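Quantities reported herein were computed from a predicted structural model and do not represent experimental measurements.
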Protein chains: 2
Amino acid sequence: MSTPRQSRADRRRATEARILDSARELFAEKGFERTTIRAVAAAASVDPALVMQYFGSKRELFTQAVQAFPAPLTATDTDVLVDQLLASLGLKLGGLPEGTLAMMRSMLTDPAAADHARAALGRQIEGVGAALPAAEDPELRAALVVTTLLGVTIGHQLLGLAPLREAPADRIAALLRPAIKALAEPPE
Amino acid sequence: MSTPRQSRADRRRATEARILDSARELFAEKGFERTTIRAVAAAASVDPALVMQYFGSKRELFTQAVQAFPAPLTATDTDVLVDQLLASLGLKLGGLPEGTLAMMRSMLTDPAAADHARAALGRQIEGVGAALPAAEDPELRAALVVTTLLGVTIGHQLLGLAPLREAPADRIAALLRPAIKALAEPPE
DNA sequence: CCGTTCGCTCAACACTTGTTGACCCACTCA
DNA sequence: TGAGTGGGTCAACAAGTGTTGAGCGAACGG
């Protein structure tokens, strides 16, 4: 029993990761406001003070636990773009990363999260807009594409609407594809 | 000065309405959690205790201030349906009623609001589904239609994304229409 | 082997929140 | 005019929050 199975540094890293995981999960489930440091600490089997010691503040914990929306896309072909979008917005197996869900969950009620989300969605819109064929109002079209997928994701992942929860992912994608294309391409 | 300009009952009704208006506004702007009874009372130039006396609890105040999503639609023709949807989801002049915005704002972070929203959206989906032409998966299509418009509304009214804020409402409606129709009608 | 580091806990503070009961006073009405 | 109703305020409580500083004890390093 002279040497412990884990070094001090290992334990330290493990605890920090455990806290971060619990935080991500709770933030994704309940949002920023309703998630308390004490609850995160309890979920990670740790004292609340330790969370503060490691992350400094609840805000900073949130920032570290959450991850931004998926990186902006780069595609030139509309079909490829649609594929990328459908894939990136969580319709695939396993859903979105929990950090992204946490971000989205708090987007409407937390000013800082709202800023973050606005910026990330803005970048996403910019990326999609650049990839759109030379149509009128590419930015507006891109914004509609992105917010459409945002709405479906919210209804699916955050609200858990029954028709969406029960439908197979590729069926949703198949139905969504023509709609996205209609937004992306000039119908005239 | 023997008779006041307003009867006691009138004043009573007026202050109650003032409280309700302030509450609606604040709930719509900051959501349930971040809106405090004290802030509502201050906005209505009234003592916090009076808010409690009139509405019993913060929850009850929220319930009374908020109003559900628009009533389910009844339409048999797809084009008419699309018109109704575009009109009902706040793209028209003046935007959505503040009570509905309050509901949507708190939808993702407040369990009670989430229940309410799920139910209302469910009814809306049911209504749209019933109006859809006899296609495959009418409920799923309806859910996609509704969540699509939900996403655009969130991006527009709650997040204030620039491309949507700056675009004229009928332009948005014009671009959205083919997409909605693509969701509603079997492409095959 | 012993002093030191450091991961971690304990107890408490300061503050905000929803909520309550006692109270005041202008209006009502007999 | 005088008792009483009721709109409205004041001060306080109890619970929960983020946050902090002192301290314990096991792992570390010489």
Side-chain angles (χ1 to χ4, degrees), chain A residues 1-23 26-27 29-66 102 106 109-113, chain B residues 1-23 26-27 29-66 102 106 109-113:
Chain A
M1 308 279 189
S2 59
T3 41
R5 33 178 32 98
Q6 284 190 13
S7 74
R8 190 138 74 166
D10 281 345
R11 273 195 66 82
R12 153 79 203 233
R13 266 188 297 274
T15 318
E16 189 168 328
R18 219 170 54 235
I19 294 176
L20 221 42
D21 282 347
S22 306
L26 286 172
F27 280 137
E29 183 187 330
K30 311 168 92 81
F32 181 79
E33 292 270 0
R34 298 181 76 94
T35 297
T36 87
I37 296 269
R38 283 171 171 82
V40 171
S45 306
V46 138
D47 191 276
L50 192 64
V51 178
M52 296 302 299
Q53 190 177 320
Y54 284 175
F55 296 94
S57 72
K58 185 184 176 183
R59 269 254 94 81
E60 182 60 22
L61 173 64
F62 181 74
T63 307
Q64 297 221 17
V66 149
S106 303
T109 37
D110 183 76
Chain B
M1 309 283 183
S2 58
T3 42
R5 42 194 8 114
Q6 284 190 12
S7 75
R8 191 137 74 165
D10 282 344
R11 271 195 66 81
R12 154 79 203 232
R13 266 188 295 275
T15 35
E16 187 168 327
R18 220 170 53 235
I19 293 175
L20 221 41
D21 283 346
S22 305
L26 285 172
F27 280 138
E29 183 187 330
K30 310 166 92 81
F32 181 80
E33 292 271 0
R34 298 183 76 94
T35 297
T36 92
I37 296 268
R38 283 171 172 82
V40 171
S45 307
V46 139
D47 191 275
L50 192 64
V51 178
M52 295 302 297
Q53 190 176 319
Y54 284 176
F55 296 93
S57 72
K58 185 185 177 184
R59 268 255 96 79
E60 183 59 22
L61 173 63
F62 181 73
T63 308
Q64 297 221 17
V66 150
S106 303
T109 36
D110 183 75

Could you state the CZ-P distance from A/Arg59 to D/dT17, rounded to the nearest angstrom?
-> 17 Å

Do the side chain of A/Lys58 and the main chain of A/Phe32 share a donor and acceptor less than 3.5 angstrom apart?
-> yes

Are there any protein N/O atoms within less than 3.5 Å of an N/O atom in nucleotides 9-17 of chain C, and if so, which ones and at what distance?
unit_1, atom_1, unit_2, atom_2, d
C/dT9, OP2, A/Asp47, N, 2.8

Send over the distance from B/Arg12 CZ to D/dT5 C1', rounded to a whole Å.
-> 13 Å

OP1, OP2 of C/dC8 versus side-chain N and O of A/Arg8: anything below 4.0 Å?
-> no

Hey, could you give me each pair passing side-chain hydrogen bond (donor to acceptor under 3.5 Å, both in side chains) that has a residue in residues 34-51 of chain A? Not counting sequence neighbours.
-> A/Arg34-B/Glu33

Considering all heavy atoms of both residues, which atom of B/Ile19 and which atom of B/Val40 are nearest to each other, and what is their separation?
-> O-CG1, 3.9 Å

Over how many whole Å does the gap from A/Arg11 atom CZ to D/dC28 atom P extend?
-> 11 Å

B/Arg18/B/Asp21 ion pair, N-O < 4.0 Å | no

Report yes if at least one side-chain N or O of A/Thr15 is closer than 4.0 Å to OP1 or OP2 of C/dC8; otherwise report no.
-> yes

For the pair made of CZ in B/Phe55 and P in D/dG7, what is the distance, rounded to whole Å?
-> 13 Å

For the student: nearest non-hydrogen atoms of A/Ser106 and A/Gly31, plus distance | OG-CA, 3.5 Å

Can you name the salt bridge (charged side-chain N to carboxylate O under 4.0 Å, His left out) partners of B/Arg59, sequence neighbours left out?
-> B/Asp110

To the nearest angstrom, how far is B/Glu16 atom CD from D/dG6 atom C1'?
-> 14 Å

Side chain of A/Tyr54 - closest among C/dC8, D/dA27, D/dG6 = C/dC8

